[in-house]
Chemist: 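Mind having a look at this structure? Questions to follow.
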Amino acid sequence: MSREDRNKLIAVVAGLAAAMIVRTIGLQLVAQGVADRDAAGFEGAPQRRFVVVLVILCGVGTWWLVSRLLHGPKLQRSSFSLYRDKTLPVPALVELVGPLEKWGYRPIVIGNVLTLQGVRHGGLTLDLATLSSGYASLEIADTGNDRYTELANYTMYELGRLAPGMTYRDGFSPLSAESTDNLEPLLPDRPLFA
């Protein structure tokens, strides 16, 4: 059984368990009202309908909450394309670590790839293997708070300082590439998420 299947099963079992607990408690709470209504000769019991609605809401709510906790936040993926003048020397990724650490980030460099993984699923990967041919890619998986998008902006800015003339564009944008120098006014004085 895969981890994802196990997490789904745990969420379903938790939802069913919560629904059964609420059902038991709810029926105990409305038992006297139902008995009084039956003794008076009335048919039907709106109290039972209330318990059914409460059970459904509690079961679904518990399932959703447990699913969210086990799976983590949904990821938004994006990418940037980086371009450089082929006549200029290619910067080494190790040179990029110092400036990023100055901003408070802790990147990991393995070969031609710089990564920074988050606590829960998000992250950033910069692959400079093809930069000697003039192109590199920066992949981001963000959790909605733009933590890694901010890191990508700092990374592209610092890479542009190491390799003057570097340009970038959103990976899916039809617009032409912009200079990484244009990022400087967009960056806060201190990273918000470092």
Side-chain angles (χ1 to χ4, degrees), residues 2-8 11 63-194:
S2 72
R3 179 179 177 182
E4 188 174 320
D5 291 340
R6 188 190 77 222
N7 289 345
K8 287 178 184 177
W63 168 81
W64 180 83
L65 183 64
V66 171
S67 293
R68 177 74 180 197
L69 289 172
L70 291 175
H71 293 290
K74 292 190 187 275
L75 295 179
Q76 301 165 347
R77 299 193 182 276
S78 59
S79 65
F80 289 96
S81 300
L82 301 167
Y83 305 96
R84 70 167 197 91
D85 184 358
K86 294 180 201 174
T87 60
L88 298 173
V90 178
L93 273 179
V94 177
E95 298 173 45
L96 187 58
V97 172
L100 288 177
E101 285 180 342
K102 176 188 80 171
W103 291 112
Y105 296 111
R106 301 284 179 256
I108 299 168
V109 176
I110 301 171
N112 286 329
V113 178
L114 175 134
T115 60
L116 196 137
Q117 291 301 111
V119 177
R120 286 192 76 107
H121 306 297
L124 172 137
T125 303
L126 172 63
D127 187 357
L128 290 183
T130 58
L131 193 59
S132 58
S133 64
Y135 168 80
S137 67
L138 179 65
E139 303 290 328
I140 305 164
D142 219 332
T143 55
N145 61 5
D146 294 334
R147 171 184 303 263
Y148 295 103
T149 302
E150 179 188 79
L151 172 60
N153 288 334
Y154 276 102
T155 303
M156 290 185 294
Y157 171 70
E158 291 295 344
L159 191 58
R161 291 178 69 197
L162 293 172
M166 176 91 54
T167 58
Y168 77 98
R169 72 178 177 98
D170 189 318
F172 302 105
S173 174
L175 301 175
S176 61
E178 297 180 50
S179 172
T180 54
D181 297 334
N182 295 345
L183 289 169
E184 185 173 14
L186 303 176
L187 297 174
D189 294 334
R190 292 182 50 215
L192 302 174
F193 299 107

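Everything quoted here is computed from the prediction, not taken from an experiment.
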Chemist: To the nearest 0.5 Å, tell me how far K8 NZ sits from D5 CG.
Modeler: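 The distance works out to 6.0 Å.
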Chemist: Within a strict 4.5 Å, meaning less than it, do heavy atoms of the L124 and L114 side chains meet?
Modeler: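 L124 reaches L114 side chain to side chain.
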Chemist: Do F80 and S173 have side-chain heavy atoms sitting under 4.5 Å apart?
Modeler: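 When only atoms from C-beta onward are counted, S173 and F80 do not touch, as no gap falls below 4.5 Å.
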Chemist: Look up atom CG in L187 and atom CD in E158, then write down how far apart they are to the nearest 0.5 Å.
Modeler: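 Going from CG on L187 over to CD on E158, the span is 8.5 Å.
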Chemist: With distance as the sole test, does D85 use its side chain to make a donor-acceptor pair with the main-chain N or O of G165 at under 3.5 Å?
Modeler: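 Here the side-chain-to-backbone pair does not exist.
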Chemist: Any side-chain heavy-atom pair from W103 and L151 closer than 4.5 angstrom?
Modeler: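 SC-SC contact between W103 and L151 ruled out.
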Chemist: Nearest 0.5 angstrom please: E184 CD to R161 CZ, how far?
Modeler: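 Nearest 0.5 Å value for the CD-CZ distance: 7.5 Å.
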Chemist: Count the heavy atoms belonging to other residues, nucleotides or ligands that lie under 6.0 Å from NZ of K86, then report whether that count exceeds 12.
Modeler: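 Not more than 12 within 6.0 Å, no.
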Chemist: Identify the two heavy atoms, one from V66 and one from A11, that lie closest to each other, and give their separation to 0.1 Å.
Modeler: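 Where V66 meets A11 most closely, the heavy atoms are CG1-CA, 3.6 Å.
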Chemist: Report yes if the side chains of L128 and L96 come closer than 4.5 Å at any heavy-atom pair, otherwise no.
Modeler: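 No, every pair of side-chain atoms sits at 4.5 Å or beyond.
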Chemist: Is a donor on one side and an acceptor on the other found under 3.5 Å between the side chain of D142 and the backbone of Y148?
Modeler: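 Judged by distance alone, yes, a pair lies under 3.5 Å.
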Chemist: Any side-chain heavy atom of M166 within less than 4.5 Å of one from L82?
Modeler: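 M166 vs L82: side chains touch.
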Chemist: Can you give me the closest heavy-atom contact between G160 and T180, atom names plus distance?
Modeler: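 So the two residues come closest at CA-OG1, 3.1 Å.
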Chemist: Could you tell me which non-hydrogen atom of L70 sits nearest to which non-hydrogen atom of N7, and how far apart they are?
Modeler: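 That would be CD1-O, 3.6 Å.
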Chemist: With a 4.5 Å limit on heavy-atom distance, are the side chains of P91 and L159 in contact?
Modeler: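 They are in side-chain contact.
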Chemist: Any idea which heavy atoms bring P188 and Y154 closest together, and the distance?
Modeler: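 That would be O-OH, 2.7 Å.
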Chemist: Do Y168 and L183 come within less than 4.5 Å of each other through their side chains, counting heavy atoms only?
Modeler: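 A side-chain contact exists here, since the closest heavy-atom pair is under 4.5 Å.
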Chemist: Atom CD of E150 and atom OG1 of T155: how far apart are they, to the nearest 0.5 Å?
Modeler: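 It is 10.0 Å, given to the nearest 0.5 Å.
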Chemist: Output the distance between atom CG (D170) and atom OG (S79), rounded to the nearest 0.5 Å.
Modeler: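 Rounded to the nearest 0.5 Å, the CG-OG separation comes out at 6.5 Å.
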Chemist: With rounding to the nearest 0.5 angstrom, report the OG to OH distance, S179 to Y83.
Modeler: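 The distance works out to 14.5 Å.
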Chemist: On a heavy-atom basis, which atom in A177 and which in R169 lie closest, and how many Å separate them?
Modeler: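 For A177 and R169, the tightest heavy-atom pair comes out as CA-CB, 3.9 Å.
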Chemist: Grab the two heavy atoms, one from A136 and one from D127, that are nearest each other, plus how far apart they are.
Modeler: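 That would be CB-O, 3.4 Å.
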